[in-house]
Amino acid sequence: MIGASKIKQYSNVLEKPLSKGKQEVSLSAFAFLFSELVQYNQTQVDNIAELERRLEDAGYAVGARCLELLCHREKVYHIIVKLCVMFMPFWLSQGNRRETRLLGILSFVHSTVWKVLFGKVADSLEKGTEHEDEYMISEKELLVNRFISIPKDMGTFNCGAFVAGIVRGVLDSAGFPAVVTAHFVPMEGQQRPRTTILIKFAEEVLRREARLG
Amino acid sequence: MAPAGPRSGDAIFASVERVNAELFTLTYGAIVRQLLTDLEEVDEVNKQLDQMGYNIGIRLVDEFLAKSNVSRCVDFKETAEVSAKVGFKMFLGVGASVTNWDAEGTCCSIVLEDNPLVDFVELPDTCQGLYYCNVLSGVIRGALEMVSMKTEVTWLRDVLRGDDVFELQVKLIKQVPEEYPYKDDE
């Protein structure tokens, strides 16, 4: 009968040892799963804005958990490294910094988060020229968009809304509330447009940043 | 030139592009959570996950056949072995084993020790009837249906419910002969 044997049951999922994060699945498995996510959401909405919002919400959940996972994992590694290299018990982890500055969290998203989730750092990180509170992370071809083509009647819809949600989840959980959206930017000489994740920070973040100097 | 023989699951997994399993795990978690919010009934969610898996399976089998180069399987036994050893390995990166064959050779169990879908997952008390990995049963059912085998896939053991491994029972209902979409004499 299902659930009858209780041999190797951790009483709490939090007590299970944390994996190193090196396990991989095939890209096609992820692509199939993501396509089902999009297709399911298409049946639940009437318009494109709603679809983008739902994908973003799904991504938000991923982002929030990703931040926690990365912070916990970094801490474990640093204790081990310190013990081995210096033969002195460093019980405090010195590597696990909580990012409190804007540029710090942006570079965390652009490098660490992107590297863990997509296997490479993002192509570029830029500051918006028109507004003080806007930053852009650009990617030539988002992993989630690789096998997706948008029909003409869907206009500017971008499945990168999922990735925008991930970024929003990470930023929000780290204490930097922002509005994050994904846009296609056509590039000359390239058939597929570049994707830009536009991050617009909330007022309070900029005020805090100014106060910190 | 003789055609290349069937490739092992490990070899194919090493040659395809891969992504971090955690992105996969967290995306699947987001899907299940969305379904639970929308549908609320655990049985509905199970059905929807199975349907999603079926949609994936009918397309996945094409990629599986293209990349793995397996020849036509002689019987259901071989089909099950190939799907467990090569199929699971090449997509999920985990090996599965086939056990518990019945006397006629139409019913077996596929056992998964490791499952990237359930990392960090714990079922709350409100969702005790949920088959969290039901998408896998849909995938197997869909894939086998595209190669003319109607099957029924059920969960025997589930780690999230307290067992030690994941066990899926795959039962062959019937072999559906391939039908041509046109008539010869018309």
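Naming convention: chains lettered A, B, ... in sequence-line order (proteins, then strands); numbering from 1 in each chain.
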Under the 6.0 Å and 45° cation-pi test, does B:R161 pair with B:Y131? yes
Checking B:E17 against chain A: side chain, backbone, both or neither under 4.5 Å from a heavy atom? both
Quick check with a 6.0 Å cut-off and a 45 degree axis cone: is A:R146 positioned over the face of A:F30's six-membered ring? no
Taking side chain as C-beta onward, heavy atoms only, is B:F91 less than 4.5 Å from B:K67? no
Okay, A:F162 and chain B: the region with an atom under 4.5 Å from a heavy atom over there is side chain
Side chain, backbone, both or neither: which part of B:L60 has an atom under 4.5 Å from a heavy atom of chain A? both
Closest approach of A:R98 to A:A174 (non-hydrogen atoms, all atoms of both residues): NH1-O, 4.4 Å
Sort B:E167 into side chain, backbone, both or neither according to what part of it lies under 4.5 angstrom from a heavy atom of chain A. neither
Is the shortest heavy-atom distance from the side chain of A:N158 to the side chain of A:H183 under 4.5 Å? no
Closer than 3.5 angstrom, by distance alone: can the side chain of B:Y28 be matched with the main-chain N or O of B:Y132 as a donor-acceptor pair? yes
Counting heavy-atom pairs under 4.5 Å with chain A, the top scorer among B:V94, B:V16, B:L23, B:V139 is B:L23
Within residues 140-151 of chain B, contacts to chain A at heavy-atom distances under 4.5 Å involve none
For B:L26, which residues count as a side chain to side chain contact (heavy atoms under 4.5 Å, CB included) partner, sequence neighbours excluded? A:V62, A:R65, A:C66
Is chain A contacted by the side chain of B:F13, its backbone, both, or neither, given a heavy-atom distance below 4.5 Å? side chain
Does a side-chain heavy-atom distance below 4.5 Å link A:V144 with A:V163? yes
Which residues from residues 31-43 of chain B are near chain A, with near meaning under 4.5 Å between non-hydrogen atoms? B:I31, B:R33, B:Q34, B:L35, B:D38, B:L39
Part of B:V121 within contact of chain A (heavy atom distance under 4.5 Å): backbone
So what's closer than 4.5 Å to chain B heavy atoms on A:D57: side chain, backbone, both or neither? neither
Any donor-acceptor pair under 3.5 Å linking the side chain of B:S15 with the backbone of B:I12? yes
Under 3.5 Å, side chain of A:R192 to main-chain N/O of A:Q190, donor-acceptor pair present? no
Those residues of residues 113-126 of chain A, ordered by number, that approach chain B below 4.5 Å (heavy atom to heavy atom): A:V116, A:L117, A:F118
May I ask you to decide if B:N46's main-chain N or O and B:D50's side chain share a donor-acceptor pair within less than 3.5 Å? no
Sub-3.5 Å donor-acceptor pair from the side chain of A:Q23 to the main-chain atoms of B:A21, do we have one? no
